[in-house]
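Scroll down for the structure; my scribbles are underneath it.
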Amino acid sequence: MKKLCKAALCFLPFVCLLVAVNWYADPANVLRGDYEQKVAAILANGDNATNLRNMDDRTFMKQYASLRTQPIDTLVLGSSHAMQITKELTGDANTFCAGVTGADLRDCISIYELFKSKNFAPKRVILTVDSWFLSEGTLEKRAMTDGYTAFCKKEGVAPLKSSKLELWLQAAEKKGQAFSIPYFQTSLDYIKRGLLADRDAVATQDFYTVTDMRRADGSYCYNEKLRTILPEETAARAANVIVAKPEFARNFTTASQPLLQQLEAFVRAMQADGAQVALMLAPFHPDYYDYMCTQTDSYVPLLGTQTLVSTLAEKLDVPLFGSFNPYDCGLTALDFYDGIHCTDKAMYQFYPENLFG
């Protein structure tokens with residue numbers, strides 16, 4: 001036992017060095033706890049935050065909600081598909097785009113409830129509805145659920161069960177990078193290359209920047225490399241999505257009636273709060289959409305959610321714009337960053353001029 005303790009003590013200095021370097025450099029921003037808070041402070045001050053790297057959108061949203069002081073007239077909810085909706089597009093200077101990466105319906109409800117609890121209940125809401133919003137097989141593991149659970153209880157609908165263990169394991173996995181040897185090697189390289197001074201978000205008033213950026217209105221600006229769309233590259237980007245088959249497509253089985261009921265309850269609740277609500281469907285890259293239409297077994301239920309959303313919009317008398325079908329939106333391959341995200345400029349081709357009348 002003594003020999004074992006001595007051996008452990010011999011390794012202790014290395015472990016301490018490992019943790020210290022990883023925590024100090026933290027190139028992926030998984031150990032420091034103030035990264036999202038700093039980004040939120042930049043936006044709350046009215047500036048755009050560029051030089052973003054590996055930001056936790058959900059943590060950022062909570063931090064931002066606690067710092068914002070101005071009312072929100074138009075609130076945009078959804079996944080990354082919603083994050084190209086700018087205040088310039090809506091024509092409302094008090095627009096805030098609260099989209100988060102991979103958002104599902106639970107995220108949207110939780111974020112709406114978050115801003116409502118801060119007395120920022122919006123006058124107008126644009127909710128981007130993705131196919132996976134109606135699939136229990138593609139629930140986002142990172143989803144915010146506190147507001148969602150409370151909402152379901154208030155509305156008398158049964159919430160879908162969420163795994164607190166999964167969230168805990170994800171947090172533990174991030175913090176576990178402190179003891180990771182590969183992360184240590186990355187951290188050393190990060191320090192050697194002098195990147196420490198350039199690791200924080202930077203305030204700017206520029207509308208486009210070289211690196212990823214979140215603007216003061218919440219909209220997202222992708223880095224220059226992704227935004228540069230060459231004719232010879234766009235087909236390859238779509239092909240990559242087809243080959244990889246995103247998780248939302250792999251795990252989509254059938255539309256969930258409980259989720260459809262919750263979506264309806266959510267829209268009705270926002271209307272009861274006095275908000276005008278509009279729904280949006282995000283188009284797919286033409287090559288990817290054409291492929292989806294040929295895969296009748298695996299993609300029919302997914303594409304069929306458009307009809308469900310359209311029926312719901314008509315039932316609730318709310319405007320619906322966009323389409324999974326890029327041709328309906330007047331878009332070509334050059335209007336897409338990749339297989340599933342259209343450009344911010346492409347949004348102008350199908351965003352209604354008088355959406356809310």
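Count residues from 1 along the sequence. Computed from heavy atoms alone, side chains included, the values below leave out hydrogens, waters and symmetry copies.
For CD of Glu232, the number of neighbouring non-hydrogen atoms (other residues, nucleotides, ligands) closer than 6.0 Å is greater than 12. Around CD of Glu233, the count of heavy atoms belonging to other residues, nucleotides or ligands within 6.0 Å exceeds 12. The environment of NZ in Lys245 is crowded: more than 12 heavy-atom neighbours from other residues, nucleotides or ligands sit within 6.0 Å. Within a 6.0 Å sphere centred on NZ of Lys345, other residues, nucleotides and ligands contribute 12 heavy atoms or fewer.
The backbone N or O of Ala103 sits less than 3.5 Å from a side-chain atom of Trp132, completing a donor-acceptor pair. Between the side chain of Asp290 and the backbone N or O of Asp287 there is no donor-acceptor pair closer than 3.5 Å. Between the side chain of Asn325 and the backbone N or O of Tyr327 there is at least one donor-acceptor pair closer than 3.5 Å. Side-chain N or O atoms of Gln262 include one that pairs as donor or acceptor with a backbone N or O of Ala158 at under 3.5 Å. No donor-acceptor pair under 3.5 Å is formed between the side chain of Asn223 and the backbone N or O of Asp212. Proximity of a side-chain donor or acceptor of Asn45 to a complementary backbone N or O of Ile42 within less than 3.5 Å is not detected. Of the possible donor and acceptor atoms, none in the side chain of His285 sits under 3.5 Å from a partner among the backbone N and O of Ala239. Side-chain atoms of Arg68 never come within 3.5 Å of backbone atoms of Leu43 as a donor-acceptor pair (strictly under, hydrogens ignored). Between the side chain of Gln271 and the backbone N or O of Gln276 there is no donor-acceptor pair closer than 3.5 Å. One N or O on the side chain of Arg58 and one on the backbone of Thr101 form a donor-acceptor pair closer than 3.5 Å.
Neither side chain, Asp217 nor Thr95, offers a donor N or O lying under 3.5 Å from an acceptor on the other. Under 3.5 Å, the side chains of Gln205 and Asn48 contain no donor-acceptor pair of N or O atoms. In summary, the side chains of Tyr222 and Asp338 do not present any donor paired with an acceptor at a separation below 3.5 Å, with no hydrogens or angles considered. Counted by atom type alone, Gln306 and Ser323 present one or more donor-acceptor pairs between their side chains at under 3.5 Å.
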request  = Apply side-chain contact (heavy atoms from CB on, under 4.5 Å) to the pair Ile72 and Phe115, showing each step before the final yes or no.
outcome  = CA-CA 9 Å; Ile72 299 174; Phe115 281 103; 3.6 Å; yes
request  = Dump the intermediate steps for salt bridge (charged side-chain N to carboxylate O under 4.0 Å, His left out) on Arg268 and Glu155, then the final yes or no.
outcome  = CA-CA 10 Å; Arg268 289 188 184 279; Glu155 295 296 321; over 6 Å; no
request  = For the pair Ser219 and Asp344, evaluate side-chain contact (heavy atoms from CB on, under 4.5 Å) and give the outcome as yes or no after the intermediate values.
outcome  = CA-CA 10 Å; Ser219 63; Asp344 58 340; over 6 Å; no
Pair Phe321-Ile126, side-chain contact (heavy atoms from CB on, under 4.5 Å): steps then yes or no = CA-CA 10 Å; Phe321 67 100; Ile126 299 172; 4.1 Å; yes
message = Pair Asp56, Arg142 - check salt bridge (charged side-chain N to carboxylate O under 4.0 Å, His left out), show working.
response = CA-CA 10 Å; Asp56 186 326; Arg142 300 166 293 178; over 6 Å; no
request  = Check step by step if side-chain contact (heavy atoms from CB on, under 4.5 Å) holds for Met347 and Thr86.
outcome  = CA-CA 10 Å; Met347 294 288 299; Thr86 64; over 6 Å; no
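The closest side-chain heavy-atom distance from Asp104 to Thr138 is not below 4.5 Å. The closest side-chain heavy-atom distance from Cys221 to Arg215 is below 4.5 Å. Val309 places none of its side-chain heavy atoms less than 4.5 Å from the side chain of Phe133. Contact of the Leu334 side chain with the Pro231 side chain is registered, since non-hydrogen atoms from C-beta on lie closer than 4.5 Å. Looking at Arg106 and Met144, their side chains never come closer than 4.5 Å, going by heavy atoms from C-beta outward.
Here the straight-line distance linking atom OG1 of Thr311 with atom CG of Leu316 works out to 10.5 Å at 0.5 Å rounding. Summarising the geometry, atom CZ belonging to Arg214 is positioned 15.5 Å from atom CG belonging to Asp47; distances are rounded to the nearest 0.5 Å. To the nearest 0.5 angstrom, Ser135 atom OG is 8.0 Å from Leu302 atom CG. Atom CD1 of Ile85 is separated from atom OG1 of Thr90 by 8.5 Å, given to the nearest 0.5 angstrom. In this structure, the separation between CZ on Phe336 and CZ on Phe284 is 9.5 Å, given to the nearest 0.5 Å. To the nearest 0.5 Å, the span separating CE on Met213 from CG on Leu52 amounts to 8.5 Å.
Of all the heavy atoms in Val125 and Pro122, the pair that sits closest is CG2-CG, 3.5 Å.
Between Phe324 and Tyr289, a ring centre-to-centre spacing not shorter than 6.0 Å is recorded. Ring centroids of Phe151 and Tyr112 are separated by 6.0 Å or more, keeping the two rings apart.
Both Leu260 and Ile109 are members of a single hydrophobic cluster when ILVMFWY side chains are connected at heavy-atom separations under 4.5 Å.
Ring geometry for Phe96 versus Tyr64: interplanar angle under 30°, hence parallel rather than tilted (30 to 60°). Aromatic ring orientation, Tyr288 versus Tyr291: parallel (interplanar angle below 30°, classes split at 30° and 60°).
Relative to the ring axis of Tyr337, Arg237 does not place its NZ or CZ within 45° and under 6.0 Å from the centre.
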